[in-house]
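Chain identifiers are assigned alphabetically (A, B, ...) following the order of the sequence lines, protein sequences preceding nucleic acid strands; residue numbering begins at 1 within each chain. Just so you know, these numbers come straight off a predicted model, no measurement behind them.
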There are 2 protein chains.
Amino acid sequence: MQKMNNKNKIFIDKLRSSGLRPTNQRVEISKFLFNRKKTFHFTVEELKNSMNLKRSKKISTATFYNTVHALKSAGYLKEFSLENNTSYYDTNISSHHHFFDNGKVIDIKSDKITFRKLPEAPKGKKIKNVEVVIRLENNN
Amino acid sequence: MQKMNNKNKIFIDKLRSSGLRPTNQRVEISKFLFNRKKTFHFTVEELKNSMNLKRSKKISTATFYNTVHALKSAGYLKEFSLENNTSYYDTNISSHHHFFDNGKVIDIKSDKITFRKLPEAPKGKKIKNVEVVIRLENNN
DNA sequence: TAACTACTTTATAATTATTCTAAAGTATGT
DNA sequence: ACATACTTTAGAATAATTATAAAGTAGTTA
């Protein structure tokens, strides 16, 4: 059984409410990802390194992958890809857009971009979401 | 030296004009990619399989990667990524957008999407391009 | 609370996409 | 034809991710 404290309770509930057993590893990862002021982007490798660095009992690579996938399926993370064959995850799940600047990602709030014209979805389909990527380059 | 015929000449010139030696492999790949009515999307693996299937003398994997990169650098291909850690290449290099429907990609002509509002580029940066992805799901 | 069962974690192996290496081959200028 | 720099190639190496199957744990039941 978990050491239960107030900080953990909210994440335990969050996991339970999505049908995920609140194991120690999942609670720790949730705390690391969601117990902060600002949303952020990460790769699984980055997450693993920054969490395991300060832990005596390491969490395994497979568990990081499993948990990130589970959190994504539960709707707590958004996935996106750059042109380097790595998956990035975003703790900001609200609809928003991105600047891409040589591998660096910067959020653009949803209301900063609006459309004058958008195409219809093909027959039998509907639009799930619209995502804009603005690629940047240096001036001059 | 190449067997030169009219069909090849245009691709040999195209390669030469970008500083790429028109080797047999590059000409064959260019012909396969660009000698067709409609533009299309592919992964390097798909390209390799569909070309090598009908060839007695196979082109090596490394050459497919080298050539696709060279054609991309020369501006003849556009790269994009889905959420499966694979690079896709598009023979349609004109600015345009995409529907993504469960791993399937459908082009959207540039003029089908226009903006009412777009953010400024951060200081010192300028916008290289704006790319819209419309994710689809099944109705009901 | 003890026992049970299904779900999780883990180390490790396997897989996939891609890049690297260095030896053999080829295009191009002279 | 020769020389030289660029290419191709098979195969090894790397990186990100997934699969495997044994050991551990949460939640349920008696």
Side-chain angles (χ1 to χ4, degrees), chain A residues 1-4 8-9 11-30 41-49 51-52 55-74 77 79-89 103, chain B residues 1-4 8-9 11-30 41-49 51-52 55-74 77 79-89 103:
Chain A
M1 183 54 71
Q2 299 259 150
K3 276 174 293 186
M4 167 98 77
N8 286 352
K9 179 153 191 338
F11 298 111
I12 292 176
D13 291 347
K14 188 169 178 167
L15 289 163
R16 276 227 185 78
S17 75
S18 302
L20 296 169
R21 286 191 182 171
T23 62
N24 254 293
Q25 292 89 331
R26 285 173 176 170
V27 173
E28 291 296 314
I29 292 172
S30 297
H41 310 108
F42 63 93
T43 65
V44 173
E45 201 61 25
E46 289 167 358
L47 174 66
K48 183 183 101 177
N49 291 337
M51 284 195 66
N52 275 346
R55 295 173 63 84
S56 49
K57 188 166 184 342
K58 313 298 187 195
I59 297 174
S60 75
T61 303
T63 295
F64 281 107
Y65 277 98
N66 290 341
T67 301
V68 166
H69 287 156
L71 293 173
K72 185 203 163 193
S73 297
L77 291 173
E79 185 180 2
F80 63 91
S81 285
L82 303 187
E83 269 91 65
N84 60 356
N85 314 312
T86 311
S87 284
Y88 287 77
Y89 295 89
Chain B
M1 182 55 70
Q2 298 259 149
K3 276 175 293 185
M4 168 96 78
N8 286 351
K9 179 152 192 339
F11 297 111
I12 292 176
D13 291 347
K14 187 169 180 167
L15 288 164
R16 276 227 184 78
S17 74
S18 303
L20 297 169
R21 286 190 182 172
T23 61
N24 254 294
Q25 292 89 332
R26 286 174 175 170
V27 173
E28 290 297 313
I29 292 172
S30 297
H41 311 106
F42 63 93
T43 66
V44 173
E45 201 61 25
E46 289 166 359
L47 174 65
K48 184 183 99 176
N49 291 337
M51 284 195 66
N52 274 346
R55 296 173 62 85
S56 48
K57 187 164 186 339
K58 312 299 186 196
I59 296 175
S60 75
T61 304
T63 294
F64 281 108
Y65 277 97
N66 290 341
T67 301
V68 165
H69 287 157
L71 292 173
K72 184 203 163 193
S73 296
L77 291 174
E79 184 181 1
F80 63 91
S81 286
L82 302 187
E83 270 90 67
N84 60 356
N85 313 314
T86 311
S87 285
Y88 287 77
Y89 295 89

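- A/Lys48 comes within contact range of no nucleotide atom at all, as no heavy-atom separation falls under 4.0 Å.
- From B/Glu46, atom CD reaches atom OH of B/Tyr88 across 6.0 Å, with rounding to the nearest 0.5 Å.
- Across the protein-nucleic acid pair, B/Asn52 atom CG and D/dT8 atom P stand 14 Å apart, rounded to whole Å.
- At whole-Å resolution of the value, CG in A/Leu15 and C1' in D/dT25 are 15 Å apart.
- Between B/Lys57 atom NZ and C/dA24 atom C1' there is a gap of 12 Å when expressed in whole angstrom units.
- How far CG of A/Leu47 is from CZ of A/Phe64: 5.0 Å, rounded to the nearest 0.5 Å.
- Looking only at distances, a side-chain donor or acceptor of B/Arg26 sits under 3.5 Å from a matching main-chain atom of B/Arg21.
- Of the inter-residue distances, the one linking A/Asn8 atom CG with A/Leu15 atom CG reads 10.0 Å to the nearest 0.5 angstrom.
- The separation between B/His69 atom NE2 and D/dT8 atom P is 14 Å, rounded to whole Å.
- Minimum atom distance to the side chain of B/Leu20 is reached by D/dT7, of the listed D/dT9, C/dT28, D/dT7.
- Taking CG of A/Asn84 as the reference point, atom CD of B/Glu79 lies at 9.5 Å (rounded to 0.5 Å).
- In this structure, B/Leu47 places its CG atom 15 Å from C1' of C/dT18, rounding to the nearest Å.
- Look at A/Gln25 and you'll find a side-chain N or O under 4.0 angstrom from OP1 or OP2 of C/dT10.
- Between the axis at the start and the axis at the end of the helix from C/dT1-D/dA30 to C/dT30-D/dA1 there is an angle of 30°, using five pairs per end and rounding to 10 degrees.
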Discussion item. Using side chain to side chain contact (heavy atoms under 4.5 Å, CB included), reason through A/Phe42 and A/Lys48 one step at a time and then give a plain yes or no.
Written reply: CA-CA 10 Å; A/Phe42 63 93; A/Lys48 183 183 101 177; over 6 Å; no

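- Atom OG1 of B/Thr63 sits about 11.5 Å away from atom CG of B/Asn24, to the nearest 0.5 Å.
- The distance between atom CZ of A/Phe42 and atom P of D/dA16, rounded to the nearest whole Å, is 15 Å.
- Comparing D/dA10, D/dA19, D/dT17 by their closest approach to the side chain of A/Ala62 singles out D/dA19.
- Dashed line: the shortest gap from a side-chain N or O of A/Ser87 to OP1 or OP2 of D/dA16 is not under 4.0 Å.
- In this model, the phosphate group of C/dT18 is approached by a side-chain N or O of A/Asn85 to a distance below 4.0 Å at OP1 or OP2.
- When each of D/dT9, C/dT18, D/dG27 is scored by its nearest atom to the side-chain atoms of A/Pro22, the top-ranked nucleotide is D/dG27.
- Separating the CG atom of A/Asp13 from the P atom of D/dG27 is a distance of 11 Å, rounded to the nearest angstrom.
- A sub-4.0 Å separation between OP1 or OP2 of C/dT10 and a side-chain N or O of A/Thr63 is present.
- Distances from the side chain of A/Tyr65 to the nucleotides D/dA16, D/dC6, D/dA26 place D/dA16 closest.
- Separating the CZ atom of A/Arg55 from the P atom of C/dT9 is a distance of 12 Å, rounded to the nearest angstrom.
- Between A/Gly19 and B/Thr61, the one whose closest nucleotide on DNA chain C sits nearer the 5' end is A/Gly19.
- Proximity note for A/Arg21 (side chain, C-beta onward) versus C/dT28, C/dA6, C/dT9: the nearest is C/dA6.
- Among the protein residues, A/Thr43 comes within range of no part of the nucleic acid, since none of its heavy atoms lies under 4.0 Å from any strand.
- For the pair A/Arg16 and D/dG27, the criterion of a side-chain N or O lying under 4.0 Å from OP1 or OP2 is met.
- When each of B/Phe64 and A/Val44 is assigned the nucleotide of DNA chain D with its nearest heavy atom, B/Phe64 is the one assigned upstream, toward the 5' end.
- Every side chain to side chain donor-acceptor pair (under 3.5 Å) that B/Asn85 has, sequence neighbours left out, goes to A/Ser87.
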